[in-house]
Amino acid sequence: MRGYIRGVDALNYRLGRVVMYGIFVLMAILLWSSISKTFFLPTLWTLEMAQFVMVGYYILGGPYSIQLGANVRMDLLYGEWSIRRKAWFDLTTVCFLIFYLCVLLYGAVSSTAYSLGYWKDAPFSYLFGVLIGTEEVGRMERSSSAWRPLMWPIKAVMIVGFFLMLLQCISELFKDVLRLKGHTI
């Protein structure tokens with residue numbers, strides 16, 4: 001368990017430290033949007049690209065936020081509890097979060113498969129087949145805006161983000177189990 005915790009925490013910590021600078025990318029896109037609308041012809045791509053960067057920023061920053069405990073908690077009661085009671089409560093709630101993330105991950109995989117032109121009922125095997133080259137990509141989904149970017153890249157980012165959040169939640173579950181056993185983390 002400790003090896004898993006160390007590996008996942010290290011991965012999500014490093015990724016989170018890189019992704020946190022995505023706010024500057026977002027600011028640059030929005031600054032360019034403002035400048036181009038004021039002094040030049042407005043660009044079509046800025047609003048949608050800002051939305052894509054924001055999705056990546058939040059989704060890929062989620063595991064780092066979970067790791068740091070930066071999520072919202074009701075500290076009215078929680079703050080006064082013992083470490084053991086907090087571990088029991090966190091163990092229970094992280095199980096619900098793991099279920100929720102599994103549902104989100106399934107939805108992200110289905111949506112990504114759809115955006116690559118797959119309309120059947122086995123999105124995981126289809127995406128695996130695309131990765132290894134046994135499946136073909138169909139008619140790719142595009143945004144309905146005037147810019148019309150492909151949708152699969154941002155949906156793939158969502159798969160990665162939800163998967164990493166799931167891994168981080170399992171790490172938090174293991175930490176709670178170790179706390180209940182009396183180990184220090």
Side-chain angles (χ1 to χ4, degrees), residues 5-73 75 94 97-98 100-118 123-124 126-128 130-133 135-172 175:
I5 292 169
R6 271 194 302 276
V8 169
D9 284 2
L11 171 68
N12 286 330
Y13 181 81
R14 287 186 182 101
L15 180 66
R17 298 296 289 181
V18 170
V19 169
M20 73 181 195
Y21 293 108
I23 196 73
F24 296 114
V25 174
L26 178 64
M27 288 169 44
I29 291 169
L30 293 176
L31 179 65
W32 175 252
S33 177
S34 297
I35 290 171
S36 69
K37 285 178 184 174
T38 305
F39 299 111
F40 311 112
L41 292 174
T43 53
L44 296 174
W45 60 270
T46 53
L47 177 63
E48 211 154 14
M49 183 57 81
Q51 291 171 343
F52 290 165
V53 169
M54 182 62 74
V55 166
Y57 177 72
Y58 279 116
I59 297 291
L60 294 176
Y64 182 63
S65 177
I66 292 170
Q67 181 183 30
L68 295 180
N71 51 320
V72 177
R73 277 202 180 102
D75 279 342
V94 80
L97 182 57
I98 288 171
Y100 180 65
L101 286 171
C102 287
V103 171
L104 287 176
L105 183 60
Y106 180 79
V109 168
S110 297
S111 184
T112 304
Y114 175 81
S115 72
L116 291 172
Y118 181 76
F124 283 94
Y126 171 74
L127 282 183
F128 182 72
V130 167
L131 288 175
I132 63 172
E135 291 282 347
E136 292 185 20
V137 174
R139 190 179 141 268
M140 292 198 198
E141 178 187 19
R142 292 186 170 269
S143 171
S144 60
S145 69
W147 182 41
R148 300 196 36 82
L150 293 171
M151 296 302 292
W152 73 264
I154 194 62
K155 292 181 178 187
V157 167
M158 291 172 58
I159 290 174
V160 170
F162 291 146
F163 182 71
L164 290 175
M165 276 191 256
L166 185 61
L167 292 180
Q168 186 62 47
C169 285
I170 293 169
S171 173
E172 297 302 315
K175 289 175 192 175

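Numbers here are sequence positions counted from 1.
Listed by chain and residue number, K175 satisfy the salt bridge (charged side-chain N to carboxylate O under 4.0 Å, His left out) test with E172 (two or more places apart in sequence, or in another chain). Residues passing the side chain to side chain contact (heavy atoms under 4.5 Å, CB included) test with I132, sequence neighbours excluded: F128, T134. Considering only residues two or more places apart in sequence or on other chains, R142 meets the side chain to side chain contact (heavy atoms under 4.5 Å, CB included) condition with R148, L150. With sequence neighbours excluded, the residues satisfying side chain to side chain contact (heavy atoms under 4.5 Å, CB included) with L11 are L164. Residues passing the ring pair (Phe, Tyr, Trp, His ring centres under 6.0 Å) test with Y106 are F124, sequence neighbours excluded. In this structure, the side chain to side chain contact (heavy atoms under 4.5 Å, CB included) partners of F39, at least two apart in sequence or on a different chain, are I35. Every residue two or more places apart in sequence or in another chain that forms a salt bridge (charged side-chain N to carboxylate O under 4.0 Å, His left out) with E141 is listed here: K155. For F162, there are no ring pair (Phe, Tyr, Trp, His ring centres under 6.0 Å) partners two or more places apart in sequence or in a different chain.
Taking 4.5 Å as the limit, every side-chain heavy atom of L166 sits out of range of all side-chain heavy atoms of L104. Taking the side chain as every heavy atom from C-beta outward, I170 and V8 never approach each other to under 4.5 Å. In this structure, S115 and M140 have side chains that are not in contact, with every pair of non-hydrogen atoms separated by 4.5 Å or more. Between L101 and I98, the closest side-chain pair of non-hydrogen atoms is not below 4.5 Å.
One finds the CD1 atom of I154 at 11.0 Å from the OG atom of S111 (value rounded to the nearest 0.5 Å). For the atom pair CH2 of W147 and CG of L47, the computed distance is 10.0 Å after rounding to the nearest 0.5 Å. Note that OH of Y13 and CD of Q168 are 13.0 Å apart. Values are rounded to the nearest 0.5 Å.
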Identify each donor-acceptor pair in which a side-chain atom of residues 50-67 lies under 3.5 Å from a protein atom, sequence neighbours left out, and give them as a table.
{"unit_1": "Y64", "atom_1": "OH", "unit_2": "R17", "atom_2": "NH1", "d": "3.2"}
{"unit_1": "Q67", "atom_1": "NE2", "unit_2": "D9", "atom_2": "O", "d": "3.0"}

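Among pairs with a residue in residues 20-31, none fulfils side-chain hydrogen bond (donor to acceptor under 3.5 Å, both in side chains), at least two apart in sequence or across chains. Residues in residues 27-42 take part in these side-chain hydrogen bond (donor to acceptor under 3.5 Å, both in side chains) pairs, two or more places apart or across chains: S33-T46. Counting only residues at least two apart or in different chains, salt bridge (charged side-chain N to carboxylate O under 4.0 Å, His left out) contacts with residues 44-61 are absent.
For the residue pair Y126 and V137, the shortest heavy atom distance occurs at OH-CA, 3.5 Å.
A donor-acceptor contact shorter than 3.5 Å is absent between the side chain of S110 and the backbone of G107.
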**Trace of the side chain to side chain contact (heavy atoms under 4.5 Å, CB included) decision for V130 with Y118** = CA-CA 11 Å; V130 167; Y118 181 76; over 6 Å; no
